[in-house]
Amino acid sequence: MSITVVLDPEGQPQELPDGADAATLFRDRREVLVARVNGELVDLATTLNDGDLVEPVTAEDPDGLAVLRHSCAHVLAQAVQQVDPDAKLGIGPPIQDGFYYDFDVDRPFTPEDLAELEKRMTAIIKSGQRFSRRVVTDDEARTELEFQPYKLLLIQSKGGSDASAEPDSEIMEVGGSALTMYDNVDRRDQTVWTDLCRGPHVPTTRHIPANAFKLMRTAAVYWMSDEHNPQLQRIYGTAWPNKDQLREHLTFLAEAAKRDHRRLGAELDLFSFPEQIGSGLPVFHPKGGLIRKELEDYSRRRHEESGYEFVYSPHITKAGLFETSGHLDWYAEGMYPPMHLDAETDGEGNVRKPGQDYYLKPMNCPMHNLIFDSRGRSYRELPLRLFEFGSVYRYEKSGVVHGLTRARGFTQDDAHIYCTPEQMPAELADLLSFVLDLLRDYGLDDFYLELSTRDPAKSVGGEAEWEQATEALRSAAEAQGLELVTDPGGAAFYGPKISVQAKDAIGRYWQMSTIQVDFQLPERFGLEYTAADGSRQRPVMIHRALFGSIERFFAVLLEHYNGAFPPWLAPVQVVGVPVSDAHVDYLAEVASQMRARGIRVEIDSGSDRMPKKIRNATRAKVPFIMIAGDEDQAAGAVSFRMRDGTQDNGIPVADAIERVVEVIESKAQV
RNA sequence: GCCGCCUUAGCUCAGUCGGCAGAGCGACGCACUCGUAAUGCGUAGGUCGACGGUUCGAUUCCGUCAGGCGGCUCCA
């Protein structure tokens, strides 16, 4: 007897003995880790049937790499249990770039533990254990896993072997068509370790490259991500098809760390977080302030041109406003606690005047609503676009504060647009174009859009209006021709949202602008306009921030450019370096001509030698280093050295100035 | 907020098995007058994050707090 299977993707029929498995088919190809049989990812030990469509899957395939990483997680868990046989196992899935495994252990892991575990993992990998799949009944599993409470919970919550539940990306243990255990069998056929797992796995631990994995860090996590559950200790690891790819990944991480905005901010003297002010509350130094001012000035100009009106509002307000807006119901936890003011008591301690609570504002919208509502509004005024660089304060939990990207005090480039329901679709479409255009001007040009839809458990407002707004957002998004992903249930309680995700220079995506439709606030504030027919109508309100927060946007650009801002944003655009002291006056004269054209130029007249000055200016990432010595001076010229080290000598002064001006005005990068 | 780690000169970091500390860079001064990423010499600069405790003695050990880092949760 024999069977015939079809090899994918070549489409080659292949004859095999009856009962053959995929491993037989690929026995000469060690790089094959698993197989895709009729579209389903399975172990190579899976028995094939006549007519199966079989595709080899290697670590170069994303699915294959995930299997490799998942198997590596098993090796980690085995190593942990070698050290601590009482360690209780949580879940251990593959993730972006690696894997993790959660453990309930008496003592958190230390960096020394990780080094020890890595050694043991290497030994396990080299021992060549086979991953052997075994189908079990629920009862058998429960007996075997008697001392693994978390695995028991998984069986229970996922319904065991008859689970029809969708496979969960995070939970690799259960969720297949049957409940399975994976035995690690050593070369003497002894089962040395076992884990509940739906698989699949690589054939043997030898298929995990022993020199291409690394344990990265530890973390405490809540079981099932719920803070009411017990805390487990997680170990994160990374694993790759080969040593070179591991090295490449580690290099990438080092590169990302080098351009961390917190580090660049200190190095380039842009901003700081003085401890005396408080966690998450930044101050901008002159150079950072200049960049920020350029960002803001350009934004202001574009907003003016696009029909926005500028408003200003205070930083604190009485509690009543946030009662009206609903913030105190929905968001009090994220707000700084109130200041209680103006209370008066008499001599006996009786309250004569109850006083008032004042809150720092976490959002600008309630204030803008009051501006809308300050007088009767006509349909002729709509869309009314109110814009403010509004500083807000949010009491972020201490563990989440993170440089400028997650601060407690920050400034939103916040606008609220009031329009009729009929105007909404066109307004949203224009808005999105405006936002994307502006982001491109700042140097970000690779985007995708994310549409966050209603979470029924956490929302207000009617089904129909949500539907209408969501569709309006969707069609505005689709009109951009960009990739659109949906984030089901990700919307805020008051309305659906589109966010723009922008890719930076090293391939990371950042959530930038958000555009959010709100039915709730116009209702709560009783906002109205008079329609053409004289009736009172409720406007639709759109919240939108382009930068999100200026601080955060600043941080993203800083990392995107690695501190080397394009000249229009560079705090110092030109540094003059004299070859010797004798050329300082000449450069100063050129500099004053440049200043007259609005160029930010400094002359380094210090006592350093010329190469040192060039080094300093290079490290400050100044776009143009303007050098002048005898030759340049005699020719009425200067020489430019650019950030990449390229050199252009003997440029006539007038041409040099034009060149800088041109680059600044065109917002080009150099 | 939770878990772990960390905090020594402006910055990056040594160091003290408990006897009050060092380097490089930076700053400042002097000399050098110099053509593309560090000229040389010198000077100043630290209540070793804060407060308590243990100790004859604490920067070092313990505790609390503040700030930071990596995760978790959160990101309206």
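Within every chain, numbering begins at 1; the chains are lettered A, B, ... in the order of the sequence lines, protein sequences first and strands thereafter.
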Determine the interatomic distance between [atom1] on [N] and the same-named atom on [M]; round to the nearest Å.
| N | M | atom1 | answer |
| --- | --- | --- | --- |
| rC6(B) | rA23(B) | P | 26 Å |
| rG45(B) | rG29(B) | C1' | 14 Å |
| rA27(B) | rU12(B) | C1' | 16 Å |
| rG71(B) | rA58(B) | C1' | 33 Å |
| rC48(B) | rG10(B) | C1' | 16 Å |
| rC20(B) | rG42(B) | C1' | 27 Å |
| rU60(B) | rG18(B) | C1' | 6 Å |
| rC51(B) | rU59(B) | P | 10 Å |

For [X] and [N], what is the distance between atoms [atom1] and [atom2] respectively, to the nearest whole Å?
| X | N | atom1 | atom2 | answer |
| --- | --- | --- | --- | --- |
| E631(A) | rU36(B) | CD | C1' | 12 Å |
| K612(A) | rG35(B) | NZ | C1' | 18 Å |
| N616(A) | rU39(B) | CG | P | 9 Å |
| E267(A) | rA37(B) | CD | P | 20 Å |
| R609(A) | rU36(B) | CZ | P | 13 Å |
| H228(A) | rC2(B) | NE2 | P | 15 Å |
| N229(A) | rC3(B) | CG | C1' | 15 Å |
| D644(A) | rA37(B) | CG | C1' | 13 Å |

Is the gap between the ring centers of [X] and [Y] under 6.0 Å?
| X | Y | value |
| --- | --- | --- |
| F372(A) | H416(A) | no |
| Y101(A) | F99(A) | no |
| F109(A) | F103(A) | yes |

Just name whichever nucleotide pairs with [N], Watson-Crick or G-U, keeping both distances under 3.5 Å, else none.
| N | value |
| --- | --- |
| rG42(B) | rC28(B) |
| rA58(B) | none |
| rG49(B) | rC65(B) |
| rA23(B) | rU12(B) |

> Pick one: which of L558(A), T411(A), L439(A), T405(A) meets side chain to side chain contact (heavy atoms under 4.5 Å, CB included) with F553(A)?
Replying inline: L439(A)
> Does F213(A) reach the side chain of M121(A), with side-chain heavy atoms less than 4.5 Å apart?
Replying inline: yes
>> A side-chain contact here means heavy atoms from C-beta on lying under 4.5 Å apart; do F322(A) and M335(A) qualify?
In response: yes
> Can you give one letter per nucleotide of nucleotides 70-75 of chain B, going 5' to 3': B for a protein heavy atom under 4.0 Å from the base, S for sugar-phosphate only, - for none?
Replying inline: BBBBBB
>> With a 3.5 Å cut-off and heavy atoms only, can you find an N or O donor on one side and an acceptor on the other between the side chain of S639(A) and the base of rG35(B)?
In response: yes
> Does the base of rG35(B) carry an N or O that pairs as donor and acceptor with the side chain of D630(A) under 3.5 Å?
Replying inline: no
> Touch check for M363(A), heavy atoms < 4.0 angstrom, all strands: base, sugar-phosphate only, or nothing?
Replying inline: base
>> Using a heavy-atom cut-off of 4.0 Å across all strands, would you classify S398(A) as base, sugar-phosphate, or nothing?
In response: base
> If you pin Y395(A) and G645(A) to their nearest nucleotides in RNA chain B, which one's is more 5'?
Replying inline: Y395(A)
> Taking the nucleotide of RNA chain B with the closest heavy atom to each, which residue, D632(A) or Q516(A), is nearer the 5' end?
Replying inline: D632(A)
> Applying the side-chain hydrogen bond (donor to acceptor under 3.5 Å, both in side chains) test to E559(A), which of R259(A), R508(A), R263(A) qualifies?
Replying inline: R508(A)
> Where do S272(A) and H285(A) land on the side-chain hydrogen bond (donor to acceptor under 3.5 Å, both in side chains) test, with the steps shown first?
Replying inline: CA-CA 8 Å; S272(A) 60; H285(A) 302 188; 2.7 Å; yes
> What nucleotide among rG4(B), rA66(B), rU36(B) has an atom nearest to a side-chain atom of M610(A)?
Replying inline: rU36(B)
> Taking the side chain of E275(A) as heavy atoms from C-beta outward, which of rG35(B), rG68(B), rA66(B) is closest to it?
Replying inline: rA66(B)
> Can you find a side chain N or O atom of S580(A) that sits less than 4.0 Å from OP1 or OP2 on rG35(B)?
Replying inline: no
> Does NZ or CZ of R408(A) come closer than 6.0 Å to the centre of the six-membered ring of Y395(A), within 45° of the ring's axis?
Replying inline: yes
